[in-house]
Every structure is written in structure tokens, then in C-alpha cells.
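Computation of the quantities below employed the complete heavy-atom set of this structure, encompassing side-chain atoms and omitting hydrogens, waters and symmetry-equivalent molecules.
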Amino acid sequence: MITDEHRRSQTFSWVDPAEVLKTASTMSGLDAMRALANGELAPPPIAALMQFSPVSVENGKVVFECQPSEAHYNPIGMVHGGLVCTLLDTVLGCAAHTTLPAGTGYTSIDINVSYQRPVHSHSGPLTATGTVVKSGSRVIFTEGSVVDNTGRVVATGTSSLLVIAGR
């Protein structure tokens with residue numbers, strides 16, 4: 001039986017993403033990602049929910065950290081693979097974003113993730129790096145990895161992203 005002593009809770013808040021987009025869409029992708037990293041732009045709601053934060057941003061490369069917790073656990077007692085996949089999707093997309101001019105968007109065409117070891121609440125912070133392999137005006141190809149707090153790779157991924165001009 002579940003009792004109150006077993007219950008946990010987590011609260012998070014976010015800024016209206018439409019308001020953030022008004023500012024971010026006037027900036028190059030690199031400038032927008034830098035503004036996000038230095039706190040000039042509020043993070044998207046998913047970053048607050050999943051505890052992602054940018055650590056470094058350069059043209060064609062981003063690094064994010066994520067603090068996994070029990071709130072991310074699946075029924076078999078480890079962090080759900082969806083958290084790691086979403087973290088990879090984030091850094092792969094954000095790396096692509098750093099190469100785009102103002103007013104240009106993107107969306108994932110595909111993502112391929114290879115999990116290499118389980119993640120637990122004590123595995124963090126996780127560090128995810130996304131890098132552009134090939135930039136293009138229609139499709140951008142990226143690759144990335146996630147390492148745990150001991151430097152062990154927990155997952156790798158690749159993605160193809162469709163460039164969407166003139167949002």
C-alpha cells in the first residue's frame with residue numbers, strides 16, 4: 001500500500017513560450033542559444049520540466065546538463081530512456097539551431113538513439129553534447145552523446161533536421 005511517507009512532489013514554473021519566441025525569432029540561432037545560456041532568454045517549458053540547462057554554446061555545437069531524479073523513473077527502477085532521448089533531441093536540434101539565421105526554424109526528421117547503460121538519479125548530472133556534422137539550407141545532420149557524472153557514455157544519437165525558412 002502507498003502511504004504519504006512514500007509520496008514525493010515536484011513543482012516547476014515557466015515563462016509563456018510565445019513571449020520568448022517573439023524575441024528569439026529576431027535573433028540568429030547562435031545568438032538565441034547564447035541568450036538562453038546566459039539567462040537573457042527564458043528556457044522553454046520542457047527544459048524546466050525535465051531539468052535541462054545549457055552549459056556552452058558555439059557555432060555548430062552545444063552542451064547541456066540534465067539532473068535526473070526519481071521523478072524521471074520508469075516502473076523498473078531507473079530513469080526512463082525517454083528522458084535521455086529527449087535530452088539528445090534537444091542538443092542535436094540546438095546544435096543545428098546555432099547555424100541558422102534569424103527567423104529560420106527547424107524540425108526533426110528523424111532521431112536514432114543507442115542506449116549503452118542505465119541511468120539512475122545518482123548518475124547525474126548528465127552532460128549532453130550535440131554537434132553539427134553537415135550543415136545545409138534544407139537539411140542539417142547532427143550527432144551527439146550523453147555521459148554520466150563519471151564520464152561514461154550512457155547514450156549516443158544522430159538526427160536529421162529539416163530547415164524551415166521564414167517562420
Side-chain angles (χ1 to χ4, degrees), residues 12 14-15 17 20-21 24-25 27-69 71-72 74 78-102 104-121 123-164 167:
F12 70 99
W14 64 93
V15 173
V20 176
L21 182 60
S25 65
M27 307 165 85
S28 72
L30 181 59
D31 289 342
M33 290 304 307
R34 285 181 173 156
L36 177 65
N38 68 26
E40 293 174 28
L41 279 179
I46 191 140
L49 177 65
M50 298 188 117
Q51 301 177 11
F52 297 168
S53 58
V55 173
S56 69
V57 174
E58 58 189 80
N59 189 43
K61 182 179 179 181
V62 299
V63 178
F64 275 56
E65 281 189 349
C66 171
Q67 186 60 56
S69 72
H72 302 122
N74 61 23
M78 64 185 71
V79 170
H80 192 284
L83 175 83
V84 175
C85 181
T86 304
L87 179 58
L88 274 166
D89 187 49
T90 298
V91 297
L92 297 173
C94 288
H97 193 176
T98 65
T99 68
L100 298 175
T104 304
Y106 65 91
T107 190
S108 298
I109 297 170
D110 60 29
I111 185 168
N112 181 36
V113 176
S114 297
Y115 300 98
Q116 298 177 17
R117 59 181 25 93
V119 174
H120 298 91
S121 60
S123 300
L126 302 176
T127 303
T129 304
T131 307
V132 171
V133 174
K134 183 182 179 300
S135 193
S137 61
R138 306 233 8 190
V139 178
I140 300 171
F141 299 91
T142 58
E143 65 184 10
S145 63
V146 178
V147 299
D148 66 13
N149 59 8
T150 67
R152 295 180 305 173
V153 175
V154 299
T156 59
T158 59
S159 184
S160 306
L161 301 111
L162 178 67
V163 176
I164 304 169
R167 289 187 294 167

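- The closest side-chain heavy-atom distance from T127 to V55 is not below 4.5 Å.
- When side chains are defined from C-beta on, T86 counts as touching F52, because their heavy atoms get closer than 4.5 Å.
- Scanning all heavy atoms of the two residues, the minimum distance from Y115 to G82 falls at OH-N, 4.5 Å.
- In summary, of the residues considered (V146, V154, L92), a side-chain contact (heavy atoms from CB on, under 4.5 Å) with L87 occurs for V146 alone.
- When side chains are defined from C-beta on, T90 does not count as touching M50, because their heavy atoms never get closer than 4.5 Å.
- For the residue pair P68 and H120, the shortest heavy atom distance occurs at CG-O, 3.7 Å.
- The two residues P45 and F12 have their closest heavy-atom pair at O-CE1, 4.4 Å.
- Counting only distance, with no hydrogens or angles, the side chain of D110 and the backbone of S160 share a donor-acceptor pair below 3.5 Å.
- At a threshold of 4.5 Å between non-hydrogen side-chain atoms, the residues L36 and P44 count as touching.
- In terms of heavy-atom proximity, V57 sits nearest to A37 at CG2-CB, 3.9 Å.
- No more than 12 heavy-atom neighbours from other residues, nucleotides or ligands sit within 6.0 angstrom of NE2 on H80.
- Looking only at side-chain heavy atoms (C-beta outward), S121 and V79 stay at 4.5 Å or farther from each other.
- Counting heavy atoms from C-beta outward, V119 and L83 have side chains that stay 4.5 Å or more apart.
- Residues S53 and P43 fail the side-chain proximity criterion, which asks for heavy atoms closer than 4.5 Å.
- For residues 31-58, there are no salt bridge (Lys or Arg N to Asp or Glu O under 4.0 Å) pairs, not counting sequence neighbours.
- Between the side chain of T129 and the main chain of S145, no donor-acceptor pair closer than 3.5 Å is present.
- For the pair Y106 (side chain) and A96 (backbone), a donor-acceptor distance under 3.5 Å is absent.
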